[in-house]
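Worksheet: one structure, shown below.
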Amino acid sequence: MYDAIVVGARCAGASTALLLARRGHRVLLVDRSSFPSDVISTHFIWPHGMSYLNRWGVLDQVTAVTPTHTTVDVVNDGIRLTGSVPVDLLREYFRDLHGDDSGVVQQYASVRRRVLDQILVEAAAKAGAEVRTNFNVRELVTEDGRVVGIRGRTADGQTVEDRARIVVGADGRNSFVARTLNLPKFDERPRCTFAYWSYWSGFDLGPGQIHRRGRLACAVVPTNFEQNMVLVWGPSEWSREFRADVPGNFQKALDFVSPELGAVVRDRGTREERIYGTLDQSGFLRPLYGPGWVLVGDAESAKDQCTAIGITHAFRDAELVTAALDRWLTGDTTVEEAMTGYEARRRSQNAAAYHDYVCTLAEMRPYRHDELQLFVALRGNQQETDRFIATHADVAPVSEFFQASNLFLLNDAAKETSADHAVFDDFAATSRTYQQNLFA
């Protein structure tokens with residue numbers, strides 16, 4: 001009998017197994033994949049995600065092979081903002097959510113999953129978790145309406161059954177655990193982005209860049225193996241036309257969103273792998289826990305990639321669920337009280353506001369005139385620029401930055417004029433062109 005069986009050994013699952021094992025619990029971690037291997041991902045880890053890795057003592061392994069930076073460029077319709085997530089807000093985030101602010105770092109990184117997931121799986125094994133890869137979970141074992149274990153097939157074809165006090169579903173947005181339990185989705189947001197990406201060598205642009213123009217966006221972030229991850233995305237309703245010529249439309253999107261960036265990739269870059277893509281990134285929530293089971297990461301809260309928050313939220317969930325399960329497994333509280341506490345932190349008003357923020361951004365509506373004016377105003381205020389980036393990264397509450405009084409103050413204090421930015425020259429005509437499918 002295990003204390004916990006964790007289904008899914010990537011960011012959410014391996015982290016949860018690592019932390020539970022370190023607290024002395026008997027853990028089985030299973031995954032159908034073998035490691036190292038890649039998976040659909042933005043690879044991006046915001047500073048609070050990197051802070052979790054530092055808290056767990058594995059950050060040095062990641063940064064030894066991965067470039068890191070502290071500033072990021074966010075460019076909307078040519079209006080460039082450069083900033084960092086402030087350290088004081090990072091510390092406040094950890095104190096509010098976890099009760100301590102140890103391990104805070106201001107770095108971010110883009111880490112290939114073949115690198116990151118292997119580090120986490122090896123750390124979980126070193127901590128004492130039993131790791132079983134190439135293992136397909138076929139059934140959840142239930143008794144009296146409660147999940148009590150799993151039944152699955154090993155790489156050599158043997159069917160085995162294992163039991164535990166709790167089964168943790170950490171198996172992603174298409175979670176087998178959630179589907180087997182017939183868990184409903186709610187707060188579904190079908191309007192999302194399509195995304196295509198690959199890896200280029202041959203140039204070094206320094207810190208990461210995120211560009212958006214109209215209904216399209218792109219990002220370039222340095223990653224492992226002296227390469228850059230280059231990503232383009234747009235509204236899902238344009239995906240069919242994009243797919244008609246993926247390489248050609250990939251470059252076309254880059255040239256439209258940022259002609260300078262498009263030229264760098266076209267003229268100086270060498271693509272090292274094929275172009276990968278994903279079309280279904282709709283957002284939804286699922287119930288967090290029930291008799292004998294609990295969900296973490298994308299299995300319980302899936303969101304579009306447009307803010308690249310998935311890995312960071314998986315790490316957050318791992319710490320929260322581990323703290324809750326540890327209180328129950330050690331007899332400090334009942335399972336119901338432990339899970340209620342986990343749910344209270346995961347379903348807070350701030351979490352709901354951020355979920356709504358991501359899903360609204362994923363609709364890829366062109367920015368309004370007043371929204372672009374806000375970006376112009378921010379250029380004259382580094383403190384508020386940093387707080388905007390912290391809001392985008394889910395470190396500062398969305399409701400605080402976008403409250404009306406703060407926006408009025410920003411506008412009143414603007415030190416720059418919108419006259420210097422071409423997008424305002426004939427805004428109505430520009431907005432009309434943005435509604436046209438570039439790939440049709």
Quiz item: Using the benzene-type ring in the case of Trp, are the ring centres of Trp293 and Phe176 under 6.0 Å apart?
Solution: no
Quiz item: For the rings on Phe375 and Tyr367, is their centre-to-centre separation under 6.0 Å?
Solution: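 Ring centres of Tyr367 and Phe375 closer than 6.0 Å.
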Would you mind checking if [Y] and [X] are paired as a salt bridge, meaning a charged N to carboxylate O distance below 4.0 Å?
| X | Y | result |
| --- | --- | --- |
| Asp100 | Arg95 | no |
| Glu363 | Arg215 | no |
| Lys252 | Asp245 | no |

Quiz item: Between Thr333 (side chain) and Glu337 (backbone), is there a donor-acceptor pair under 3.5 Å?
Solution: no
Can the positive tip of [X] be found less than 6.0 Å from the middle of the six-membered ring of [Y], inside 45° of the ring normal?
| X | Y | answer |
| --- | --- | --- |
| Arg132 | Phe135 | yes |
| Arg22 | Trp56 | no |
| Arg112 | Tyr199 | yes |
| Arg26 | Tyr2 | yes |

Self-check item: Atom pair CE (Met1) and CZ (Arg163), whose distance is rounded to the nearest 0.5 Å
Solution: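 Interatomic distance, Met1 CE to Arg163 CZ, rounded to 0.5 Å: 7.0 Å.
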Quiz item: Could you give the distance from SG (Cys192) to CG (Leu361), rounded to the nearest 0.5 Å?
Solution: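 Between Cys192 SG and Leu361 CG, I get 13.0 Å after rounding to 0.5 Å.
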Should [X] and [Y] count as side-chain neighbours, where that means a heavy-atom distance under 4.5 Å?
| X | Y | value |
| --- | --- | --- |
| Met50 | Thr63 | yes |
| Thr180 | Glu139 | no |
| Val75 | Ile210 | no |

Practice problem: Mark yes when over 12 heavy atoms from residues, nucleotides or ligands other than Asp370 sit less than 6.0 Å from its CG; otherwise mark no. | Solution: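 Counting other residues, nucleotides and ligands, CG of Asp370 exceeds 12 neighbours.
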Exercise. Enumerate the residue pairs fulfilling ring-ring contact (aromatic ring centres under 6.0 Å, His included) with a member in residues 98-130, sequence neighbours excluded, ordered by first and then second residue.
Key: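 Checked against ring-ring contact (aromatic ring centres under 6.0 Å, His included) - neighbours excluded - the pairs reaching residues 98-130 are Phe44-Tyr108, Tyr52-His98, Phe94-His98.
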Quick one: side chains of residues 391-398, donor-acceptor pairs under 3.5 Å with protein atoms, not counting sequence neighbours, listed by atom name and distance.
residue : atom : partner : partner atom : Å
Thr391  : OG1  : Arg387  : O            : 2.8
His392  : ND1  : Tyr357  : OH           : 3.0
Asp394  : OD2  : His313  : NE2          : 2.7

Self-check item: Among Phe439, Tyr276, Phe242, the one residue meeting ring pair (Phe, Tyr, Trp, His ring centres under 6.0 Å) with Tyr196
Solution: Phe242
